[in-house]
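Note that the numbering runs from 1 along the sequence shown for the chain.
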Amino acid sequence: MEPRNLNRHFAALRETAGCPDVRLHDLRHTVVSLLMELGVPPHVVQAIARHADVKITL
């Protein structure tokens with residue numbers, strides 16, 4: 001799927017659901033933060049987020 005189309009589709013779904021104005025990419029950061037707070041090992045979070053280097057995850 002074209003990234004711009006995905007973003008538009010997400011925005012429409014978000015508006016329909018009445019969720020706050022957040023970007024899809026913002027959710028990616030939230031997931032990484034929550035996983036780290038839950039104590040998931042950094043290398044596992046790195047794999048989930050598909051970061052090239054664990055330093056980016058940390």
task = Mind listing the closest non-hydrogen atom pair of M36 and P42 along with its distance?
result = CE-CG, 4.0 Å
key: Qualifying residues under side-chain hydrogen bond (donor to acceptor under 3.5 Å, both in side chains), relative to H9, sequence neighbours excluded   = none
task = Output all residues satisfying side chain to side chain contact (heavy atoms under 4.5 Å, CB included) with V31, sequence neighbours left out; order by chain, then residue number.
result = L35
request  = Verify the cluster assignment for L34 and I48: are they in a single hydrophobic cluster under the rule of side-chain heavy atoms below 4.5 Å apart?
outcome  = no
Flag side-chain contact, heavy atom, 4.5 Å: L6 against P3 = no
remark   = Applying salt bridge (Lys or Arg N to Asp or Glu O under 4.0 Å) to R50 and not counting sequence neighbours gives none
For residues 51-58, tabulate all N or O donor-acceptor pairs below 3.5 Å that involve a side-chain atom, not counting sequence neighbours.
unit_1	atom_1	unit_2	atom_2	d
H51	ND1	T57	OG1	2.7
D53	OD1	K55	N	2.9

Show every donor-acceptor pair shorter than 3.5 Å between a side-chain atom in residues 14-23 and any protein atom, with sequence neighbours excluded, or say none if there are none.
unit_1	atom_1	unit_2	atom_2	d
R14	NE	V22	O	3.4
R14	NH2	D21	OD1	3.3
T16	OG1	A12	O	2.9
R23	NE	D26	OD1	3.2
R23	NE	D26	OD2	3.4
R23	NH2	D26	OD1	2.7

key: E2: partners by salt bridge (Lys or Arg N to Asp or Glu O under 4.0 Å), with sequence neighbours left out   = R4
key: Qualifying ring-ring contact (aromatic ring centres under 6.0 Å, His included) pairs with a residue from residues 20-50, counting only residues at least two apart or across chains   = H25-H29
